[in-house]
Amino acid sequence: SSKGAMMDNRFATALVIACVLSLISTIYMAASIGTDFWYEYHTLSPAENVSEAGRIIWEEFISEEADEKTYTDALFRCNGTVGLWRRCITVPKNSHWYSPPENDMTTNCISFSLSDQFMEKYIEPGNHNSGTDLNRTYLWRLQFLLPFVSLGLMCFGALIGFCACACRSLYPAIATGVLHFLAGLCTLGLVGCYVAGIELLHKKLPLPDDVRGEFGWSFCLACVSAPLQFMAAALFIWAARTNRKEFTLLKAYRVA
């Protein structure tokens with residue numbers, strides 16, 4: 001019985017750690033989807049005329065007709081940041097000639113509409129006659145869909161886990177583990193699609209010499225979320241499989 005209690009403690013510990021890892025990865029994933037710092041542009045030498053040009057850039061940036069080239073150029077020029085759902089630029093609060101541009105800057109954001117997320121990308125960004133760039137089009141659509149698939153799988157896994165607790169059974173933990181593993185694959189896919197999409201975009205629209213681009217902390221949260229999902233999956237599956245083996249051995253021993 002002491003051995004049984006020791007085994008139970010081991011399973012309970014593994015399951016608690018798996019649940020904590022699952023919860024942290026879910027929070028990280030949700031935070032990365034909801035924030036705008038997947039990619040950041042740092043304009044090293046801001047244009048001196050940004051104050052008078054700010055209003056024009058902003059109007060182009062928020063315009064419904066703004067194509068990929070228009071808003072990417074604005075991101076380059078105005079310390080832009082891009083999320084999965086929104087794009088942001090830093091512009092002067094006032095566009096008057098007498099306001100000092102350095103002192104009175106504000107970050108303004110605009111959301112990608114659902115049609116933006118599924119819109120075709122062109123071989124030459126901004127040129128509708130250059131034909132569809134299938135690689136970038138599907139990479140963009142995947143980076144929009146995969147995080148929701150990942151979150152959905154984890155929530156479904158959590159639901160199965162709660163049912164398992166209610167039924168006092170460890171068998172459904174295998175299903176929870178498999179769902180977490182699939183969620184981890186989706187998150188890895190999302191990170192891969194995002195990196196590939198950014199690289200392909202910068203081949204078409206190279207960064208100006210005075211602009212530096214880097215992946216932001218929202219992107220890092222998604223990168224950290226994937227290994228946490230895999231670790232949770234491994235613990236769930238290990239606990240369920242080992243417990244099943246122990247249970248079978250115990251039954252055989254009792255029969256003997």
Side-chain angles (χ1 to χ4, degrees), residues 32-145 147-148 193-194 197-216 218-219:
S32 75
I33 293 172
T35 49
D36 311 317
F37 296 89
W38 278 71
Y39 202 84
E40 303 175 26
Y41 296 100
H42 301 287
T43 311
L44 306 177
S45 53
E48 286 177 14
N49 66 342
V50 74
S51 189
E52 61 188 62
R55 187 172 50 82
I56 301 162
I57 293 172
W58 175 240
E59 281 172 3
E60 286 180 348
F61 188 70
I62 63 170
S63 158
E64 284 184 15
E65 283 78 48
D67 58 35
E68 192 178 26
K69 185 172 188 334
T70 306
Y71 72 69
T72 304
D73 284 343
L75 292 169
F76 287 168
R77 291 172 67 184
C78 302
N79 290 311
T81 62
V82 192
L84 296 182
W85 277 96
R86 298 201 308 172
R87 54 186 190 265
C88 305
I89 56 174
T90 305
V91 288
K93 268 185 188 168
N94 310 305
S95 52
H96 305 306
W97 62 271
Y98 54 80
S99 68
E102 311 83 46
N103 301 343
D104 212 13
M105 304 296 277
T106 178
T107 300
N108 292 323
C109 300
I110 183 164
S111 298
F112 291 108
S113 67
L114 209 55
S115 60
D116 286 339
Q117 299 285 16
F118 289 96
M119 196 179 280
E120 292 178 342
K121 304 286 180 190
Y122 299 105
I123 291 170
E124 290 175 27
N127 182 355
H128 295 229
N129 300 320
S130 61
T132 305
D133 188 332
L134 286 177
N135 286 345
R136 291 198 312 117
T137 300
Y138 286 104
L139 284 171
W140 186 278
R141 290 174 185 176
L142 281 171
Q143 81 186 32
F144 164 66
L145 293 170
F148 294 106
C193 287
Y194 195 83
I198 285 285
E199 290 297 321
L200 289 172
L201 174 65
H202 289 163
K203 276 185 183 170
K204 310 276 183 188
L205 296 173
L207 288 171
D209 293 337
D210 62 342
V211 175
R212 183 168 55 83
E214 62 185 15
F215 291 99
S218 303
F219 173 82

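When all heavy atoms of Gly197 and Leu139 are compared, the closest pair comes out as N-CD1, 3.9 Å. Of all heavy-atom pairs spanning Ser218 and Ser32, the tightest one is O-CB, 3.1 Å. Here the closest heavy-atom approach between residue Pro147 and residue Ile33 is recorded as CB-CD1, 3.5 Å. Contact between Asn79 and Thr43 at its shortest, heavy atoms only, is OD1-N, 2.7 Å. Of all the heavy atoms in His42 and Glu214, the pair that sits closest is NE2-OE2, 3.1 Å. When all heavy atoms are compared, the tightest approach of Leu207 to Tyr41 is CD2-CE2, 3.4 Å.
For an aromatic pair to be called close, the ring centres must be under 6.0 Å apart, and Tyr194 with Tyr39 fails this.
Atoms CZ and CG, from Phe118 and Leu145 in turn, are 4.5 Å apart once rounded to the nearest 0.5 Å. Interatomic distance, CH2 of Trp38 versus CD1 of Ile198, reported as 10.5 Å (0.5 Å rounding). A distance of 11.5 Å separates NZ in Lys204 from CG in Asn127, rounded to the nearest 0.5 Å. Annotation: the span from Leu200 atom CG to Arg136 atom CZ amounts to 7.0 Å, rounded to 0.5 Å. The distance from atom CD of Glu68 to atom CG of Asp73, rounded to the nearest 0.5 Å, is 10.5 Å. Note: Lys121 NZ to Asn135 CG = 13.5 Å, rounded to the nearest 0.5 Å.
Using cut-offs of 30° and 60° for the angle between ring planes, the His202 and Phe76 rings count as tilted.
Between Phe61 and Arg87 there is a side-chain heavy-atom pair separated by less than 4.5 Å. In this structure the side chain of Phe37 reaches within 4.5 angstrom of the side chain of Thr81, judged on heavy atoms. Counting only heavy atoms from C-beta outward, the side chains of Cys109 and Asp36 approach each other to under 4.5 Å.
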If you apply the rule side chain to side chain contact (heavy atoms under 4.5 Å, CB included), what do you find for Phe112 with Leu84, and how did you get there? CA-CA 8 Å; Phe112 291 108; Leu84 296 182; over 6 Å; no

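Both the sub-6.0 Å distance and the 45° axial angle are not jointly satisfied by Arg141 relative to the ring of Phe144.
Residue Phe148 qualifies as enclosed at atom CZ: its count of foreign heavy atoms under 6.0 Å is above 12. By the neighbour-count criterion of 12 heavy atoms within 6.0 Å, atom NZ of Lys69 is sparsely surrounded, having that number or fewer from other residues, nucleotides or ligands.
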